[in-house]
Novice: 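Attaching a single structure in structure tokens format; questions to follow.
We name chains A, B, ... by the order of the sequence lines, and we start the count at 1 in each one. Computed over heavy atoms, backbone and side chain alike; hydrogens, waters and symmetry mates excluded.
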Amino acid sequence: MYSIKEFNIVIASVGGQGGLTLSRVIGYAALLKGLSVRIGETLGMSQRGGVVQSYVRFGNTIKSPLIPYGGANVILGLEPIETLRAARIYANKNTLIILNTEPIHTVTTLVGKETYPSINDIISELKMYSDKLYAFNATNKARSKGLPVATNIVVLAAFATSSYNPLDLESYIEGIKKFIRRRVEDNINLFKEVVSELKGKVP
Amino acid sequence: MEHERILGEPGQRVLLMGNEAIARGAIESSVKVATGYPGTPSSEVLMTLMPISSKIGMYAEWAVNEKVAFEIGLGAAFAGIRALVTMKAPGLNVASDSVVSSAYTGVNGGLVLLVADDPGPHTTQTEQDSRWYAKLIKIPMIEPSSPQEAKDYIKKSYALSEKTQLPVMFRTTTRVNHTVGDVVLGEIEVIERTPSFEFNPKRYIRASMQWNMDRHKWLLKQLELVKDIAVKELGFNKVEGDGEYCIITSGVSYNYVLESIERLNVREKVKIIKLELTFPIPSNFILENIRGCKQILVVEELDPYLEENVRSLLQKHGINIKVWGKEEAGIPEVGELNPAVVAEALRRFLGLSEDSSNLMRKHVNSKILIPSRPPPLCPGCPHRGSYFSLIRAIRRNGLRKQDVPVMGDIGCYALSLEPPLEAIWTEHAMGASIGLALGLKIAGYSKPVVATIGDSTFFHAGLPALVEAVNKNIDVLVLILDNVSVAMTGHQSTPEFMVTESGRKVKPVMIEDVVRGIGVENVWIVDPYDLRETTKVLQEALKKPGVKVVIARRECSLQAMRKGIRYTPPIIDYNKCTNCMACIRSLGCTALTIRDGKVAIIEELCNGCNMCVQVCPFNAIIPRDNPLAKPR
Ligand SMILES: Cc1ncc(C[n+]2csc(CCOP(=O)(O)OP(=O)(O)O)c2C)c(N)n1
Ligand code: SF4
């Protein structure tokens, strides 16, 4: 009924931001469409605050949990430097990059051993990879709706409005119901609100 | 939610992680005893089974370490009951003594031993390739490549185990255990057996030279049976395509091979020989299928295990086909494989020109140096308080940090290696902190030596070393970091619990009782959130001779927060704050950040532990709640 050869999404995040949950939500939405799904991840050793990359793949030909270098259709960036880290490996000139501009410092930038780059520099470099970029402060949006931990859902909503999105809103909502544990209704409302606010803005 | 996916109807298509698929496979196989010891990437199998175990009449519990776990599974299998034992690769090192003997005794009920390797290694002390163990122990080994196969092959592994009376090693890698994929559920078999055990010394007693040789002969005979049963009856191993370029592969690498073939558009040229029984090597199957091959490429992660087996098989049969292995194809032994590496190897093998595989992308010249993000301890992590206090106690005793070796061990607390604490000096193997500290002292190291070890790690393998310390009366300080959890592997229960994740009521075994019981006289229990008291006790303990044990007890903050236990975050009084950054520099808590040039607390991350309150030299962080008043 639904045919996609291969669709690859990289979710770049910091542990605790809900990147893994987001991968399950999207994977479930694809499963509902009858597609074959693979979700993989690369995690650091820590439960909170380490680098987390998730790979969501769906389509008729996919087998492996990993995305080839330069093979991302979409990068969902929940944190700026993590988005850049992922883009350097997985972006190509057609990749849609959605960037949450709210930085999360690392221990090394906090104690002054390294410096956190400016958001403008990060955006300029991302644009060298692909001009299909949408940058906004998703965390503030989530905070303003009283759900500070729902950055992942705001970013999903931004992606859902994009022309790149191959799945329908209803499937994502089903995914949210299945994999978000707390305040499910609030998350669904947040998702719908952001979708209507951003309609037409994301490439 | 979990339950409906795992216990769904046959034919249903659900999203399962490889480990959940293995759990479902165990349910479909009517496994009655499931045990193991936590270890990434194997833990989710039992974590999935435990909460539903009483409902489905299964015993599913963590054991104190992998050796005990294996012995429990083996005992059940002696009694004719199907059992599953799970562990990560180093766990097999711990269990191996019992596993080796189990090949000689064999089993009655099916026994599957899940061993999860971790190429990469994402979360493991080494990149151990456990496939060699199957050869050393001489038990059949099965390797799945996807969540669906993980489930289906568990079922077939039980059949193989019972038909051959041998334990089966089910060997996976992180990319199989942790991949989520669509899985079609199968029938749940119902097997009801009454446990029984025969008196049969020749089989079960490994004390007689003759009996042991007899069993060894029996074992070799069984292994010949394995090849026939696994390949012909159970249909393990696959062949795809009929090109002249043959690729022998197994496990997750098979997926990379398939996708690379698609990308390079070389389907007609190649033939894939996918091995699923990887010990004993299915020699006839390989010999039959390499007929007509011009050249052979072996694609595998880590060691050249298949490669060496294939080369020796060809040599033995006088077959002269060129084999491309690790070296010829440029497939690394270090790290995990990925689609790009495999495509490149395939390109070389097929003699294709550079640009036909366009997978590696060129780097843009960038002026940005992306800061590293070393994995930190969580906000409110009690280990932060323990190590902060330990380092302060060393200094307050007039010693330099670099004079007092702090032996580390395996667990979240090893993250104290990162700045700003940079506390531990070693991380070696489960429980090794104590033994290594003893060695240092016995060798004559004159300054104090400290061993720091987590609660679960202490029970797992630290205890025998502490007995040694008491018996030989060595001067050593053992700091046991009791966060009432096996935190690093996903918050499993420890022997101190009263109820486990399955809902089973158990008798708590308290560390202080154990420690006093083996004769440690100097034992303190402190709350690591209380930096002053913890420092004071550690100062005292560092000065005393003999064996000293300090138990720093405070529940893992992440585990506590998940249960809804958190305190009101403190607030910063910016009239007093001089922006000296002492809080950030000394604790490195990730709930502390710098906003608009000023120290700030990220409220949604902070659990209100108030450790920063205690280190601020200007009393600028004002507590609003008092965790010290409510210990665990
Ligand atoms: C032989 C072996 N088994 C299992 C593991 C997996 N593992 C890593 S840390 C850890 C235990 C952590 O528990 P604990 O000592 O209580 O420390 P915590 O993480 O709670 O701080 C385990 C089991 C391992 N690394 N080696
Ligand atoms: S999971 Fe628990 S023990 Fe591990 S770093 Fe976080 S708070 Fe500390």
Novice: Is it the case that atom NZ in A:Lys127 sees more than 12 heavy atoms from other parts of the structure closer than 6.0 Å?
Specialist: no
Novice: Report the option among A:Ser64, A:Ser23, A:Pro103 that has the most heavy-atom pairs separated by less than 4.5 Å from atoms of chain B.
Specialist: A:Ser64
Novice: Between A:Val56 and chain B, with a heavy-atom cut-off of 4.5 Å, which part of the residue counts as in contact: side chain, backbone, both or neither?
Specialist: neither
Novice: Does atom CZ of B:Arg595 have more than 12 heavy-atom neighbours from other groups under 6.0 Å away?
Specialist: yes
Novice: With a 4.5 angstrom heavy-atom cut-off, which part of B:Leu592 approaches chain A: side chain, backbone, both or neither?
Specialist: backbone
Novice: Select one option (side chain, backbone, both, neither) describing which atoms of B:Val176 are under 4.5 Å from chain A's heavy atoms.
Specialist: neither
Novice: Over 60° means perpendicular and under 30° means parallel, so tell me whether A:Phe58 and A:Phe7 are parallel, tilted or perpendicular.
Specialist: parallel
Novice: Any Lys/Arg nitrogen of B:Lys367 or A:Asp121 sitting under 4.0 Å from an Asp/Glu carboxylate oxygen of the other?
Specialist: yes
Novice: Counting heavy-atom pairs closer than 4.5 Å to chain A, which one of B:Pro371, B:Pro147, B:Cys589 comes out on top?
Specialist: B:Pro371
Novice: Counting only heavy atoms not in A:Lys63, do more than 12 sit closer than 6.0 Å to its NZ atom?
Specialist: no
Novice: If I measure from the heavy atoms of chain A, does B:Leu558 come under 4.5 Å with its side chain, its backbone, both, or neither?
Specialist: side chain
Novice: Would you mind telling me which of B:Arg13, B:Met488, B:Met17 has the largest number of heavy-atom pairs within less than 4.5 Å of chain A?
Specialist: B:Arg13
Novice: Would you mind checking which part of B:Ile368 comes under 4.5 Å of any heavy atom in chain A, side chain (CB onward), backbone (N, CA, C, O), both or neither?
Specialist: both
Novice: At a heavy-atom separation under 4.5 Å, does B:Leu16 approach chain A through its side chain, its backbone, both, or neither?
Specialist: neither
Novice: If you measure from the Lys or Arg side-chain nitrogens to the Asp or Glu carboxylate oxygens, is any gap between B:Lys274 and B:Glu149 under 4.0 Å?
Specialist: yes
Novice: Which atoms form the tightest heavy-atom contact between B:Tyr413 and B:Leu377, and what is the distance?
Specialist: CA-CD2, 4.5 Å
Novice: Would you mind telling me which of B:Met581, B:His491, B:Glu418 has the largest number of heavy-atom pairs within less than 4.5 Å of chain A?
Specialist: B:His491
Novice: Taking only Lys NZ, Arg NE, NH1 and NH2, and the carboxylate oxygens of Asp or Glu, determine whether B:Glu259 and A:Arg57 approach each other closer than 4.0 Å.
Specialist: yes
Novice: Select one option (side chain, backbone, both, neither) describing which atoms of A:Ser118 are under 4.5 Å from chain B's heavy atoms.
Specialist: neither
Novice: Looking only at heavy atoms and a cut-off of under 4.5 Å, which of A:Thr42, A:Val111, A:Leu31, A:Thr61 has the most pairs with chain B?
Specialist: A:Leu31
Novice: Between B:Arg175 and A:Glu41, does any NZ, NE, NH1 or NH2 come within less than 4.0 Å of an OD or OE carboxylate oxygen?
Specialist: no
Novice: Quick check on the interface: out of A:Gly40, A:Pro148, A:Ser36, who has the most heavy-atom pairs with chain B under 4.5 Å?
Specialist: A:Ser36
Novice: Mind ranking A:Lys113, A:Glu82, A:Glu6 by heavy-atom pairs under 4.5 Å with chain B and telling me who comes out on top?
Specialist: A:Glu82
Novice: Would you mind telling me which of B:Leu15, B:Val14, B:Ile370 has the largest number of heavy-atom pairs within less than 4.5 Å of chain A?
Specialist: B:Ile370
Novice: Counting only heavy atoms closer than 4.5 Å, note whether B:Ser146 contacts chain A via side chain, backbone, both or neither.
Specialist: side chain
Novice: Is the closest basic N to carboxylate O distance between A:Asp186 and A:Lys145 below 4.0 Å?
Specialist: no
Novice: Tell me whether B:Glu555 is salt-bridged to B:Arg566, with the criterion being a basic N under 4.0 Å from an acidic carboxylate O.
Specialist: no
Novice: Shorter than 4.5 Å, heavy atoms on both sides: which option in B:Gly181, B:Ser372, B:Pro374 has the most such pairs with chain A?
Specialist: B:Ser372
